[in-house]
Amino acid sequence: MAENNPLQSLFQNFEKVTNCVQTHFSNFINHRLSPPSTDGKPLLSLAPFLKTQNNPSSTSDSTHQILIKGTSPVPVTKEELGRATWTFLHTLAAQYPENPTRQQKRDVKELMTILSRMYPCKECADHFKEVLRANPVQAGSHDEFSQWLCHVHNVVNRSLGKLVFPCERVDARWGKLDCEQRACDLQGTTNFGDIFK
Ligand code: FAD
């Protein structure tokens, strides 16, 4: 029977060894290629190879398979991180209640302070600390917070030589999260004015 064929068993063992060598080789070359150059960019990005991983037609390409195994993550740029963070912050501001609770006001201030300490770009975090010192968080209402955030985003924009955003248009640019039946909205305190209307 084929299963008892000594040659087949030899080939199977050989295949195992080859796979093992491929894995170690790919780990080795990724270690050699991944360290960033002096300007912070990787010497060789494996992004094109990772993208082909999602393309089923390329899965038979053994060269790509070697490079995909054990590959380093594709680095996020400062710009991508910035855009993602501003999207998060402006969406939070869009959902910030008209009448926030005391806890929500505290939380949002703390969030900004933590961001100025933990933002994963040190020069940005250090700069943001100064921005916060000069512009303490204002979060007494939805309008106050979204206008304050627009203002501090403009402070960062100016420092980077970017265009200043017209803050009267902030609600037109950033809306609440698209979420069924407003299930994602933050709830604030009850507005007593509304009860007695
Ligand atoms: P972004 O500035 O990322 O803005 C995204 C979108 O928001 C824009 O396309 C526009 O539609 C809208 N927008 C722009 N301005 C406003 C506004 N004022 N109000 C409302 N919406 C607006 N990068 C650095 O190089 N150095 C730094 O020190 C630095 N500090 C940062 C500090 C923080 C807290 C954050 C979140 C980011 C920081 N960045 C910094 C990144 C930088 O601000 C940008 O995100 C990045 O340069 C990409 O810019 P962008 O032109 O794509 O638009």
Side-chain angles (χ1 to χ4, degrees), residues 33-51 54 71-189 191:
L33 297 177
S34 295
S37 61
T38 46
D39 66 355
K41 299 270 181 221
L43 294 173
L44 175 64
S45 171
L46 296 178
F49 298 107
L50 283 175
K51 279 175 187 142
N54 297 328
T71 192
S72 304
V74 180
V76 170
T77 65
K78 207 163 49 170
E79 286 71 28
E80 288 167 339
L81 177 69
R83 279 190 286 275
T85 308
W86 288 122
T87 299
F88 161 67
L89 292 174
H90 287 295
T91 307
L92 175 71
Q95 303 209 169
Y96 193 70
E98 214 33 75
N99 298 292
T101 63
R102 257 186 289 182
Q103 186 64 50
Q104 285 165 335
K105 290 183 219 173
R106 270 198 299 266
D107 286 348
V108 98
K109 285 178 188 171
E110 211 177 327
L111 177 66
M112 294 300 155
T113 309
I114 292 172
L115 198 64
S116 75
R117 290 203 297 257
M118 302 286 292
Y119 190 72
C121 151
K122 190 173 178 321
E123 71 170 74
C124 311
D126 288 347
H127 178 227
F128 199 54
K129 266 190 215 110
E130 287 172 28
V131 174
L132 285 185
R133 258 196 295 274
N135 302 274
V137 180
Q138 292 177 25
S141 67
H142 161 78
D143 280 348
E144 206 175 81
F145 182 51
S146 58
Q147 287 299 310
W148 172 84
L149 186 62
C150 181
H151 173 69
V152 294
H153 190 165
N154 276 336
V155 174
V156 175
N157 285 344
R158 264 191 223 101
S159 76
L160 297 174
K162 291 180 192 286
L163 289 176
V164 164
F165 185 91
C167 287
E168 66 278 9
R169 307 223 47 227
V170 78
D171 285 344
R173 169 67 179 87
W174 298 100
K176 292 183 176 188
L177 195 65
D178 186 11
C179 194
E180 266 179 35
Q181 299 174 334
R182 305 256 51 92
C184 303
D185 286 5
L186 284 178
Q187 299 302 316
T189 56
N191 185 343

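Start at 1 and go down the list; that is how both ligands and their atoms are numbered. Values below: every heavy atom of this structure, side chains too, minus hydrogens, waters and symmetry copies. Note that the coordinates shown come from a computational prediction; the quantities given were computed from them, not determined experimentally.
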Flag [X] as yes when one of its N or O atoms lies below 3.5 Å from any N or O atom of ligand 1, and as no otherwise.
X	result
C150	yes
Y119	no
T85	no

Per-residue contact class, [X] against ligand 1 - non-hydrogen pairs under 4.0 Å:
X	answer
N157	side chain
V156	side chain
H151	neither
L81	neither

| query | Can you list the ligand 1 atoms lying under 4.0 Å from a non-hydrogen atom of L160? | reply |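 That gives atoms 23 (N), 24 (C), 25 (O), 26 (N), 40 (C), 42 (C), 43 (O) of ligand 1.
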
Quick one: pull up [atom1] in [X] and [atom2] in [Y] and give me the separation to the nearest 0.5 Å.
X	Y	atom1	atom2	answer
H127	E130	NE2	CD	6.0 Å
L177	D185	CG	CG	9.0 Å
C167	N154	SG	CG	4.5 Å

Heavy atom of the protein closest to [atom] (residue, atom name, distance):
atom	answer
atom 7 (O) of ligand 1	W174 CZ2, 3.2 Å
atom 53 (O) of ligand 1	R83 CG, 4.1 Å
atom 41 (C) of ligand 1	G82 CA, 3.8 Å
atom 46 (C) of ligand 1	E79 CA, 3.8 Å
atom 13 (N) of ligand 1	H153 CE1, 3.6 Å
atom 40 (C) of ligand 1	C124 SG, 3.5 Å
atom 20 (C) of ligand 1	H90 CE1, 3.2 Å
atom 33 (C) of ligand 1	W86 CZ2, 3.8 Å

| Quick one: does P97's side chain get under 4.5 Å of Q104's, heavy atoms only? |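 Touching, per the 4.5 Å side-chain cut-off.
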
| message | Are the side chains of N99 and H142 in contact, using a 4.5 Å heavy-atom criterion? | response |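 SC-SC contact between H142 and N99 ruled out.
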
| request: Fit a plane to each ring of F128 and W86, take the angle between them on a 0 to 90° scale, and name the class: parallel (under 30°), tilted (30 to 60°) or perpendicular (over 60°). | output: perpendicular

| Are there more than 12 heavy atoms of other residues, nucleotides or ligands under 6.0 Å from atom CG of L163? |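 No, the 6.0 Å shell around CG holds no more than 12 heavy atoms from other groups.
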
| query | Is R169 atom CZ crowded by more than 12 heavy atoms from other residues, nucleotides or ligands, each under 6.0 Å away? | reply |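 No.
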
